[in-house]
Q: 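Here it is, the structure in full.
Below, all heavy atoms of this structure are taken into account, side chains as well, without hydrogens, waters or symmetry copies.
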Amino acid sequence: MFSLIAAIGKNRELGKNGKLLFHAKEDMRFFREKTINHKILMGRKTWESLPGKLKNRENIVVSRHEVKGADQSITNLSDFIDQNKDTDEEIFVIGGGMLYFELLPYAKTLYLTEFDASNPSADTFFPAFNSSSYKKTIIKQGFEDNLHFSINRYENKLLAQPERINMKDLIFNLIEKEKTRQSEGLELIPSENYVSKDILKAMGSVLTNKYSEGYPSFEGLNEWSAEEISEKILPNYRYYGGQVNVDRIERLAISLACKLFHADHANVQPHSGANANEAVYFAWCEPGDNILAMNLGHGGHLTHGSPVTRSAHIYNFIPYGTTEDGDLNYNEIEKLALENDIKLILVGYSAFMKIPDFKRVSLIRQKAETKWGHEILLMADMAHVAGLIAAGIHPNPLDFDFNVMTTTTHKTLRGPRGGLILSKGKVSSPLKKVKEKVLANIPTLIDKAVFPGTQGGPLEHIIAAKAICFAEAMSEDFRNYASQTVINAKALAKSLQKNGFYLQGGGTENHLILINIKKSYNISGKFYEKALDLIGLTLNANALPGDTGGAFNPDGVRLGTPAITTRGLKEPEMQKIADWMKEIAILCQKAETLSVLTTDYAKEISQLRDEVKSLAKDFPIPSI
């Protein structure tokens, strides 16, 4: 970077006949101290006006010819500027006038000793500059030979770089702190989990460098072995070259997903569960079509018709709810399906602890199709229980005539954060036009809806991690894990009930528990969530059916056992967690506010925090 240093008069006068017009002892002292051990750049006339080479500095002279005695001669000023304007090394420009003019646009800082005097005989001037574009700082002022002078620093606001951020000190230190938070606490949010070291490795791989818009070949995915798929190089449906490896990785991911979930086809490209759901709507429905889905307030998901989402402004979502015992209201589903000309029936949720009767919903679809005289897509969003389905301990909707199943690949599936769409039907080229919008063609309709319909390039490093996730889910260890997740959830639910907690639906049939904390201990869900955070137990406040508190102050909390089961906790630890939750609930009752809780009950909070931390350290996170 360049800095200009000069002594000037009131009218920017620099010199006459190659000599300075204004100077002072303080000015010269400042020059020496500022430029020592730095590079100084000057024109040939300035060099010739000096009594000799300036010591302890690298003297660089701009000249058409080599300058004897100079450390370096510059014949091409433009190249020199390009090479040095963005470097951290400060190069001082000391004259003359034309060189100042050339370098002013690139100068980060101007060091000007400004004298309160003028000289009409000057023949060299410092270039004019807009002072409002610079931040001025007075370094020193004084009098010498009856002249007032001020040594000023002008920093170019446009060129001034913010203080360089050390990413290691900031971002990576925060990552380390997050590792500590996860390791020293217990994760009870049912949608969170811990991935394996292999999945972390794939997510941080060089595959993130590759652009792969389009799809690989689908040939042989349900017939060939994994070894054959990994070896065969086939034509693809991509828009970029260099796909020889990512094609085979994505083909493996598709093949594994189909085998794991009994699907005819899998699209492994959705970036999230929300993207997966929206792609299915886009594939099958037209704007204004009716979609029957679970009410958010009864346990549904935002993407199932919440008015804050984009899809709710495109399609007409008709919500159904749950019964008093927490199960799906199948009578209401059937009634709505026969009263409204629906295009899609969706079974899916984010806060539901029962096992759906997929067969009954399939029969409702048949009745509705007979009534309305057209095909109706049957869709299941199994993001929360996909891992349980993969392990065979939860029914698979695709085994009950559902056409599509969407899911995230994290949560109980214990993979990277991302989405997945599984479907039944005929698999064909995603580049060819689909002649009929019928259920038999839904795999291809979905592929076209994902790309180019709703997404751009796929995240191939995440797809590789998904493939590893699917392979892990086929193991006996994973089946034992999924089984223990449900065992733990039922044990935790039982212990919570003994401790005075009122559970929605009377308990759980999967990994998830909903507590009506308002009814249990007369405190709000958000207050309870923040209080548990203080001792290292993480869950989330959650609305309940008929909740009047809203999303940010609901009556309930939602928790689950996928993450703590990954760490190896079992039934005895579920009782400890339930006991800690009771102790905090009682403290919340006494304190009434978070500020009182953290001050008046700091000792109790600290003791509980130490107990949670001690247990957490006995069960380390496998991938950390």
Q: Side-chain contact, heavy-atom cut-off 4.5 Å: L252 with S230?
A: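 Contact flag for L252/S230 side chains = yes.
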
Q: Anything under 30° is parallel, anything over 60° is perpendicular, the rest tilted; go ahead and classify F451 against Y215.
A: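 Perpendicular, since the angle between the ring planes exceeds 60°.
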
Q: Flag the pair Y349 / H301 as yes when their ring centroid distance falls below 6.0 Å, and as no otherwise.
A: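 Centroid separation for Y349 and H301: 6.0 Å or greater.
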
Q: Do V246 and L207 have side-chain heavy atoms sitting under 4.5 Å apart?
A: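 V246 vs L207: side chains touch.
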
Q: Kindly give the heavy-atom pair with the smallest separation between R414 and I199, and that separation in Å.
A: O-CD1, 3.6 Å

Q: Please test M581 against L532 for side-chain contact (heavy atoms from CB on, under 4.5 Å), starting from the C-alpha separation and ending with a verdict.
A: CA-CA 7 Å; M581 291 178 66; L532 286 169; 4.2 Å; yes

Q: Let's go through R248 and N245 carefully: what are the C-alpha distance in whole Å and the side-chain angles of both, what is the deciding distance for side-chain contact (heavy atoms from CB on, under 4.5 Å) to 0.1 Å, and is it a yes or a no?
A: CA-CA 5 Å; R248 289 180 285 180; N245 297 311; 3.0 Å; yes

Q: Do we see a donor-acceptor contact under 3.5 Å between the side chains of T561 and N488?
A: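 No - no donor-acceptor pair under 3.5 Å links their side chains.
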
Q: How would you list, by chain and number, every residue that makes a salt bridge (Lys or Arg N to Asp or Glu O under 4.0 Å) with E339, sequence neighbours excluded?
A: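 Partners of E339 under the salt bridge (Lys or Arg N to Asp or Glu O under 4.0 Å) test: K335.
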
Q: Answer yes or no: does atom NZ of K426 have more than 12 heavy-atom neighbours from other residues, nucleotides or ligands under 6.0 Å?
A: no

Q: Tell me whether K437 at atom NZ has more than 12 heavy atoms from other residues, nucleotides or ligands lying less than 6.0 Å away.
A: yes

Q: So, S483 side chain and N480 main chain: donor-acceptor pair closer than 3.5 Å or not?
A: no

Q: For N540, is there any backbone N or O sitting under 3.5 Å from a side-chain donor or acceptor partner on E529?
A: no

Q: So do T508 and K354 actually touch side chain to side chain, heavy atoms under 4.5 Å?
A: no

Q: Would a 4.5 Å heavy-atom cut-off, applied to side chains only, mark D247 and S217 as touching?
A: no

Q: May I ask you to test the D447-H265 pair for a side-chain heavy-atom distance under 4.5 Å?
A: yes

Q: Examine the side chains of T323 and D325 and answer whether a donor and an acceptor come within less than 3.5 Å of each other.
A: yes

Q: Could you give me the CA-CA distance, side-chain angles and deciding distance for F282 and Y315, then say whether ring-ring contact (aromatic ring centres under 6.0 Å, His included) is met?
A: CA-CA 10 Å; F282 185 62; Y315 314 105; 8.2 Å; no

Q: Check whether any side-chain heavy atom of L378 lies under 4.5 Å from a side-chain heavy atom of V404, and answer yes or no.
A: no

Q: Of the non-hydrogen atoms in A386 and T407, which two are nearest, and what is the gap between them?
A: CB-OG1, 3.1 Å

Q: Does L234 form a side-chain contact (heavy atoms from CB on, under 4.5 Å) with R251? I'd like the steps, not just the answer.
A: CA-CA 10 Å; L234 302 174; R251 281 168 52 75; 3.5 Å; yes

Q: Do you know which two heavy atoms are closest between T409 and C469, and how far apart they sit?
A: O-SG, 4.0 Å

Q: Can you run down the ring pair (Phe, Tyr, Trp, His ring centres under 6.0 Å) pairs that involve residues 467-493, sequence neighbours left out, and say none if there aren't any?
A: F478-Y481

Q: Quick one: list whatever passes ring-ring contact (aromatic ring centres under 6.0 Å, His included) with F402, sequence neighbours left out.
A: F358

Q: Just wondering, more than 12 heavy atoms not from R360 lying within 6.0 Å of its CZ?
A: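 Check passes, neighbour count above 12.
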
Q: Atom CG of N340 and atom CG of D289: how far apart are they, to the nearest 0.5 Å?
A: 12.0 Å

Q: Could you check whether any side-chain heavy atom of D327 comes within less than 4.5 Å of a side-chain heavy atom of T322, counting everything from C-beta outward?
A: no

Q: At what distance, to the nearest 0.5 angstrom, does CD1 of I318 lie from CG of N295?
A: 12.5 Å

Q: Distance check, rounded to the nearest 0.5 Å: L377 atom CG versus I291 atom CD1?
A: 9.0 Å

Q: Is it true that a side-chain atom of E187 and a backbone atom of I189 form a donor plus acceptor pair closer than 3.5 Å?
A: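 Looks like yes, one N/O pair under 3.5 Å.
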
Q: Listed by chain and number, what are the salt bridge (Lys or Arg N to Asp or Glu O under 4.0 Å) partners of K179, not counting sequence neighbours?
A: E176

Q: For E223, does the CD atom have more than 12 heavy-atom neighbours from other residues, nucleotides or ligands under 6.0 Å away?
A: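 Enclosed: over 12 neighbouring heavy atoms sit under 6.0 Å from CD of E223.
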
Q: Using side-chain heavy atoms (C-beta onward) and a distance below 4.5 Å, is V427 in contact with T444?
A: no

Q: Verify, without hydrogens or angle tests, whether D264 (side chain) and G425 (backbone) share a donor-acceptor contact under 3.5 angstrom.
A: yes

Q: Indicate the atoms forming the closest heavy-atom contact of R558 with S350, along with that distance.
A: NH1-O, 2.6 Å

Q: How far apart are the C-alpha atoms of E250 and V268, what are their side-chain angles, what is the distance that settles it, and do they pass the side-chain contact (heavy atoms from CB on, under 4.5 Å) test?
A: CA-CA 8 Å; E250 188 166 339; V268 296; 3.7 Å; yes

Q: Let me check something: any side-chain donor-acceptor pairs from residues 568-578 under 3.5 Å, sequence neighbours excluded? List them with distances.
A:
| unit_1 | atom_1 | unit_2 | atom_2 | d |
| --- | --- | --- | --- | --- |
| E571 | OE1 | Q484 | NE2 | 3.4 |
| E573 | OE1 | K570 | N | 2.7 |
| Q575 | OE1 | S495 | OG | 2.9 |
| Q575 | NE2 | D579 | OD1 | 2.9 |

Q: Can you tell me if R365 uses its side chain to pair, donor with acceptor, with the backbone of I376 under 3.5 Å?
A: yes

Q: Does the N396 side chain pair with the main chain of L398, one donor and one acceptor, at a distance under 3.5 Å?
A: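 At least one qualifying donor-acceptor pair exists.
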
Q: Could you tell me whether a side-chain N or O of S255 sits under 3.5 Å from a main-chain N or O of N222, the two making a donor and an acceptor?
A: no

Q: Side chains of T566 and N193: any donor to acceptor distance under 3.5 Å?
A: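 A donor-acceptor contact under 3.5 Å links the two side chains.
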
Q: Between E472 and S196, do the side chains contain an N or O donor and an N or O acceptor separated by less than 3.5 Å?
A: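 Judged by distance alone, the side chains do pair up.
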
Q: So, for L512 and M353, which heavy atoms are closest and what is the spacing to 0.1 Å?
A: O-CB, 3.4 Å

Q: Taking all non-hydrogen atoms of both residues, which atom of P416 and which atom of M203 are closest, and how far apart?
A: CB-SD, 3.5 Å

Q: Going by the ring pair (Phe, Tyr, Trp, His ring centres under 6.0 Å) test, which pairs reach into residues 490-515, not counting sequence neighbours?
A: H384-H511, F501-Y521

Q: Just by modelled atom types, is the D341 backbone N or O under 3.5 Å from a matching donor or acceptor in the N290 side chain?
A: yes

Q: Salt-bridged, R417 to E192, with N to O below 4.0 Å?
A: no

Q: Show, in sequence, the C-alpha distance, side-chain angles and deciding distance for R238 and E213, and conclude whether the salt bridge (Lys or Arg N to Asp or Glu O under 4.0 Å) test is met.
A: CA-CA 6 Å; R238 306 281 196 188; E213 285 184 347; over 6 Å; no

Q: Ignoring hydrogens and angles, tell me if any N or O in the side chain of D381 forms a donor-acceptor pair with the backbone of A383 under 3.5 Å.
A: yes

Q: Between W284 and K343 (side chain of the first, backbone of the second, donor and acceptor by atom type, cut-off under 3.5 Å), is there such a pair?
A: yes

Q: Can you tell me how far apart CD1 (I249) and CD1 (I229) are? Round to the nearest 0.5 Å.
A: 13.0 Å

Q: Just checking E324: does its CD atom have more than 12 heavy atoms from other residues, nucleotides or ligands closer to it than 6.0 angstrom?
A: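 Atom CD in E324 is not packed in, count stays at 12 or less.
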
